[in-house]
Undergrad: 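Here it is: the structure, laid out below.
A quick note: this is a predicted structure, and the numbers were derived from the prediction, not measured.
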Amino acid sequence: MISFANLSSLIRAFFALWALLLIVINIINSVLAFDKKKYIFGCMGIFLFLPNYFLWQVIFDYSLSISSGNINIVSKAMVDLAWIYWLIIFIVLTILGIILLVFNIRYEKNYLTVNSIKIYLDKIDCGVCYYKDNGRVIFVNMKMNQLSNRLIGIDLLNGLQFYEATKDKIISIGEERWKFTSRDILITNEHLHEIIAMNVTSEYLKTQQLEKDKIELSKIKQELQNYNLSIDEVVKHQEILQAKINIHDEMNRLMLSTVALENENTSNLDKIFALWQENASLLSMEAKENKKEVIESKIIDLAKALKINLIWKDEPLSILNEEERNIFYIAAQEAIANASKHAHADRMIISLIKKEHFIECNFINNGELPDKPISFTGGLANLEKLIKKNNASIKINYDNQFVLSLIFLNKNNPNG
């Protein structure tokens with residue numbers, strides 16, 4: 001069998017190139033493995049490097065000996081081997097080197113390494129920096145470097161200097177808002193400082209908008225309260241004024257009629273006194289009727305203030321007595337206010353239904369239905385206490401639409 005020394009110079013050069021490529025591959029294997037802190041595979045790369053370098057050196061020595069005639073014993077023994085042994089050795093070393101290279105590349109893609117962490121942290125939209133007590137930066141990602149350039153004009157090279165420029169606050173950088181937070185951490189018994197930068201532009205703008213909305217809502221609430229008080233005052237004054245006008249007109253008419261009669265005409269005097277009595281009764285009834293109209297007017301004014309369209313259905317308000325109308329007015333105010341505030345309604349149906357044993361008052365709005373059970377708090381709680389004291393009841397239904405119902409028992413019914 002032909003020895004390696006008897007091969008042509010071209011084939012020997014091919015083997016030399018092959019050995020050189022294997023040397024480079026194993027150097028790469030060792031560097032990749034040590035970079036991942038896989039020291040066993042790094043040592044394997046070194047072990048594979050040594051025989052490849054040895055074979056390359058043998059070929060190199062033999063090439064020099066052809067011209068000089070001098071060759072050492074080890075190189076002489078190796079080149080006297082059959083070329084097939086050289087081929088087998090090279091194939092085995094190649095397979096081992098490629099297996100180790102593939103493992104290093106796959107490990108980089110499938111396992112958590114220092115490089116993969118660095119790549120990930122460079123891609124995130126947050127700034128990250130770690131530095132020692134003396135300011136020496138241990139790690140900084142690309143985003144933090146960009147922020148440092150935009151903020152202080154240079155790359156982040158000194159952690160202490162960058163901390164002094166940020167100091168746990170929100171900073172405007174261009175049109176963006178960045179929040180910088182810092183803390184001290186301990187890694188493998190080493191004390192480090194951490195700075196994290198987060199883009200809070202959207203949160204900042206939303207917070208500003210919420211503050212503006214809060215101020216506007218406070219103003220609207222105050223205006224509504226003032227308007228409600230003014231409505232009460234205006235209605236009260238109108239009611240008093242109207243009563244005075246009615247009383248004045250009736251008194252003038254009766255007084256003129258009385259003066260115009262002759263004292264001797266007893267029958268006419270009886271008629272005029274009867275008229276006085278009748279007018280007194282009418283004035284009393286008118287005052288009650290005016291009270292009904294005032295209550296209805298208050299409810300309508302409140303609905304207009306809150307931009308809610310009221311629809312009255314079924315029975316008139318007159319089916320309720322004075323005590324029930326007072327409760328009805330309080331319930332209507334609460335229903336309209338809650339429909340506007342919580343359900344964002346723009347229409348409410350007020351329905352009064354008279355049954356044999358009770359009168360049912362329904363307040364139906366077209367607003368959003370609640371997503372959780374309703375508890376009686378605030379105005380509803382006060383309303384519930386008032387209703388219980390007056391032998392009435394209240395209930396809420398929101399299966400298809402929101403309905404607040406008042407039920408007044410018929411006191412004239414002996415079974416009620």
Undergrad: Between Asn326 and Glu322, is there a side-chain donor-acceptor contact under 3.5 Å, judged purely by atom types and distance?
TA: no
Undergrad: How many angstroms lie between CD in Gln333 and CG in Asn338, if you round to the nearest 0.5 Å?
TA: 11.5 Å
Undergrad: Would you check if the side chain of Ser182 reaches a backbone N or O of Asp168 as a donor-acceptor pair within less than 3.5 Å?
TA: no
Undergrad: Give, for atom CD1 of Ile350 and atom CG of Leu310, the distance between the pair rounded to the nearest 0.5 Å.
TA: 4.5 Å
Undergrad: Charged N to carboxylate O under 4.0 angstrom, Lys388 versus Glu384?
TA: yes
Undergrad: So do the side chains of Tyr163 and Cys129 get within less than 4.5 Å of each other, counting heavy atoms only?
TA: no
Undergrad: Has Ser148 got a side-chain atom pairing as donor or acceptor with Met144's backbone, closer than 3.5 angstrom?
TA: no
Undergrad: I'd like to know if the side chain of Asn309 reaches the main chain of Arg347, judged simply by a donor and an acceptor atom lying under 3.5 Å from each other, with no hydrogens or angles considered.
TA: no
Undergrad: Over all heavy atoms of both residues, which pair between Ser30 and Ile46 is shortest? Give the atoms and the distance, please.
TA: OG-N, 3.2 Å
Undergrad: Without hydrogens or angle criteria, can the side chains of Ser351 and Asp314 be said to hold a donor-acceptor pair below 3.5 Å?
TA: yes
Undergrad: Can you list the steps and then say if Trp178 with Thr166 is a side chain to side chain donor-acceptor pair (under 3.5 Å)?
TA: CA-CA 10 Å; Trp178 286 87; Thr166 56; over 6 Å; no
Undergrad: Count the heavy atoms belonging to other residues, nucleotides or ligands that lie under 6.0 Å from NZ of Lys395, then report whether that count exceeds 12.
TA: no
Undergrad: Measure the shortest side-chain to side-chain distance between Met78 and Tyr85 over non-hydrogen atoms and say whether it is less than 4.5 angstrom.
TA: no
Undergrad: With a 4.5 Å heavy-atom cut-off, do Tyr131 and Val140 have their side chains touching?
TA: no
Undergrad: Would a line drawn from the ring center of His193 to the ring center of His191 be shorter than 6.0 Å?
TA: yes
Undergrad: Looking only at heavy atoms, which two atoms of Gly159 and Ile195 are closest? And how far apart?
TA: O-CD1, 4.3 Å
Undergrad: What about the rings of Tyr53 and Phe60, do their centers lie closer together than 6.0 Å?
TA: no
Undergrad: Name the one of Val58, Ile11, Ile59, Leu55 that satisfies side-chain contact (heavy atoms from CB on, under 4.5 Å) with Phe4?
TA: Ile59
Undergrad: Decide, yes or no, whether a salt bridge links Arg177 with Glu203 under the criterion of side-chain N to carboxylate O below 4.0 Å.
TA: no
Undergrad: Quick check for you: to the nearest 0.5 Å, what is the distance between Glu324 atom CD and Asn321 atom CG?
TA: 3.5 Å
Undergrad: Does any part of the side chain of Phe408, heavy atoms only, come nearer than 4.5 Å to the side chain of Phe358, both counted from C-beta?
TA: no
Undergrad: To the nearest 0.5 Å, what is the distance between CD1 on Ile152 and CZ on Phe162?
TA: 6.5 Å
Undergrad: Any side-chain heavy atom of Asn362 sitting closer than 4.5 Å to one from Ile349?
TA: no
Undergrad: Test side chain to side chain contact (heavy atoms under 4.5 Å, CB included) on Asn141 and Phe139 and set out the steps.
TA: CA-CA 7 Å; Asn141 69 343; Phe139 175 82; 4.2 Å; yes
Undergrad: Quick one: does Ile84's side chain get under 4.5 Å of Leu87's, heavy atoms only?
TA: yes
Undergrad: Is the shortest side-chain heavy-atom distance between Asn52 and Ile25 below 4.5 Å?
TA: no
Undergrad: Donor-acceptor pair, Asn145 side chain versus Asp155 backbone, under 3.5 Å?
TA: no
Undergrad: May I ask you to decide if the ring planes of Trp312 and Phe328 are parallel, tilted or perpendicular, using 30° and 60° as cut-offs?
TA: tilted
Undergrad: To the nearest 0.5 Å, how far apart are CG in Asp346 and NZ in Lys307?
TA: 11.0 Å
Undergrad: Applying side chain to side chain contact (heavy atoms under 4.5 Å, CB included) to Ile185 and Arg183, what does each step give before you reach the verdict?
TA: CA-CA 7 Å; Ile185 60 173; Arg183 63 169 182 164; 3.6 Å; yes
Undergrad: Are the side chains of Tyr130 and Val128 in contact, using a 4.5 Å heavy-atom criterion?
TA: yes
Undergrad: To the nearest 0.5 Å, how far apart are CD1 in Ile364 and CG in Asn400?
TA: 11.5 Å
